[in-house]
Amino acid sequence: MLGRSLGTVLQDGDIICLSGTLGAGKTSLMRGIAAGWNANERPTSPTFTLVNEYHRQADAQRLFHIDAYRLNSPEDVCSTGLDDILAAYGVVVIEWPERIREVLPVDVLWADIQITGDSDRAFTFSARGPRSQQILSDLKNRYTG
Amino acid sequence: MTLVLGIETSCDETAAAVVRDGEDILSNIVASQVDLHAQYGGIFPEIASRAHIEQIYPVVEQALETAGAALPDVDVITVTRGPGLAGSLVVGVNMAKGLALGRSLPIVGVNHLEGHIYSLWLAGPEYRFSRSDSPSADGEHIPIEFPVVILIVSGGHTELVLMTGHGEYRRLGGTLDDAAGEAFDKVGRLLGLPYPGGPSIQREAAQGNPSAFDFPRAWLRGNQGKQNFDFSFSGLKTAVLRALKECDPEYVTDEPVSEMIPVVDMAASFQAAVVEVLVGKTIRAADEHQAKEIFIAGGVSANTALRSAMVAEAGCPVRVPPLSLCTDNAAMIASAGYFRFSAGERDDLSFDVLPTWPLTR
């Protein structure tokens with residue numbers, strides 16, 4: 001539900017960072033985001049391809065799903081075309097964002113996922129600029145309202 | 001006679017091969033980057049791309065030399081066009097285009113997954129296993145019979161495919177989240193084992209008890225409650241993580257695992273869960289589509305537990321590639337390209353790489 005709510009409030013240019021250990025549920029949250037955003041397909045792991053791209057019926061907007069675990073230099077970011085994706089319009093969701101912290105724009109919504117029990121997770125969101133503050137307050141309204 | 005030069009650079013192996021008439025390997029050269037990436041626990045794209053550039057020329061030269069052939073002897077150049085890492089694919093494709101242009105040779109772009117399937121055309125009769133037929137130990141070659149159900153399992157792919165003829169495929173299902181090989185890599189990482197996870201887990205599992213942990217089997221059902229042919233390995237990864245924390249409440253990923261963790265039993269139980277679902281769904285697909293044969297292809301087909309379980313439970317012959325052809329190589333690309341070339345296919349030199357090219361277009 002949380003991912004789905006987040007997916008409904010996202011717009012072109014938004015960047016969501018999903019931080020959490022292996023098995024924390026980053027890809028699961030992404031699946032919710034994609035569903036809320038109305039993606040045509042169900043996301044699969046981007047680990048092998050590094051970048052997966054999704055579309056929807058409503059408009060020409062694109063949703064990018066990135067696994068940055070194997071990116072550790074600005075050259076990597078460049079050679080995978082991630083710099084172009086970050087500069088272009090579209091919604092971008094990044095797993096393992098801490099790996100490419102230095103190339104990320106300032107205004108991102110950062111979600112920390114902590115494993116608190118067998119099937120319990122704690123989500124801590126931090127908004128790092130005006131647009132991400134707006135997303136966070138929209139999410140709050142959507143999720144609690 | 002048709003001599004095919006194959007080139008493959010889709011991921012972390014720089015490979016070139018010369019194959020005669022689609023089935024005879026004259027040379028099969030693979031320069032692996034595993035050591036280069038092992039220290040990071042995964043393939044780093046920029047490092048991979050640079051290594052391909054350094055190795056592609058000597059690898060192609062060596063493939064021709066080992067085959068006792070020169071470029072003018074080659075009839076067609078085949079190259080992996082996708083799926084794979086864009087920065088890696090482009091190195092092989094540009095090399096292939098350069099050679100084709102320089103020698104006015106035809107060129108055929110090949111799907112990497114189709115390449116894995118054609119590794120079975122390169123496997124000798126000793127790689128066909130059947131419980132019902134008399135063993136073909138006398139070396140007699142038994143031709144492949146369609147339809148074939150193929151399980152493609154590797155680090156980036158888990159696909160169940162029905163093949164009804166050369167180049168004719170129907171996708172029956174695939175993974176909804178992590179690829180099987182990716183699950184091996186990630187669980188290997190959770191257990192503190194060296195990358196790549198496949199061989200590491202198989203080694204540990206050999207000494208462990210596969211029933212020690214009851215890890216979940218995701219059989220996945222469709223709307224009518226009927227099992228479908230999709231796979232899911234993400235929940236299994238989470239179940240292993242949960243078991244790790246039960247054995248050692250202080251467990252933290254990417255730190256050395258404590259002695260409280262029974263690594264061999266966890267590896268064995270994890271492998272058993274993956275194998276059971278892969279084998280169960282493949283055999284059901286083969287029954288449903290009255291397959292004459294089952295193929296296992298891709299890097300994970302090197303797993304001996306998977307091979308023996310499939311052979312033991314299948315109602316039809318099972319073919320597996322030799323270990324040297326399980327992982328990425330160019331001979332399989334040359335073979336797949338040969339059959340496309342024989343069917344009259346040619347690409348013009350303007351074609352681009354396709355990093356997310358599905359097998360079934």
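We name chains A, B, ... by the order of the sequence lines, and we start the count at 1 in each one.
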Taking it one step at a time, do B:F270 and B:F184 satisfy ring pair (Phe, Tyr, Trp, His ring centres under 6.0 Å)?
CA-CA 9 Å; B:F270 161 77; B:F184 272 92; 5.1 Å; yes
Let me know if A:P46 has heavy atoms under 4.5 Å from chain B in its side chain, its backbone, both or neither.
neither
For chain A, the option from B:V252, B:L241, B:L190, B:L176 that forms the most heavy-atom pairs under 4.5 Å:
B:L176
When you measure from the side chain of A:Q133 to the backbone of A:P130, do you find a donor-acceptor pair of N or O atoms at a distance under 3.5 Å?
no
Describe, in one word, how the ring planes of B:H157 and B:H112 are oriented to each other, choosing from parallel (under 30°), tilted (30 to 60°) and perpendicular (over 60°).
tilted
For the residue pair B:V30 and B:D328, establish whether any side-chain heavy-atom pair is separated by less than 4.5 Å.
no
Non-hydrogen atoms of chain A under 4.5 Å away: do they reach the side chain of B:K186, the backbone, both or neither?
both
Return the option, out of B:D185, B:D254, B:D178, with the maximum number of heavy-atom pairs under 4.5 Å with chain A.
B:D178
Which is it for A:Q57 and A:N38 under the side chain to side chain donor-acceptor pair (under 3.5 Å) test, yes or no, and what are the steps along the way?
CA-CA 8 Å; A:Q57 296 290 323; A:N38 275 325; over 6 Å; no
At under 4.5 Å between heavy atoms, what parts of residues 16-26 of chain A are in contact with chain B? List them by residue number.
A:T21, A:L22, A:G23
Given A:L71, A:T27, A:T47, the one with more heavy-atom pairs under 4.5 angstrom with chain B than any other is A:T47
When you look at A:E53 and A:H55, which way does the side chain to side chain donor-acceptor pair (under 3.5 Å) test go after all the steps?
CA-CA 7 Å; A:E53 185 179 334; A:H55 304 91; 3.1 Å; yes
Would A:R99 count as a cation-pi partner of A:Y69, with NZ or CZ less than 6.0 Å from the six-membered ring centre and within 45° of the ring normal?
yes
Determine the interplanar angle of the B:F213 and B:F215 rings, folded into 0 to 90°, and report it as parallel if under 30°, tilted if 30 to 60°, perpendicular if over 60°.
parallel
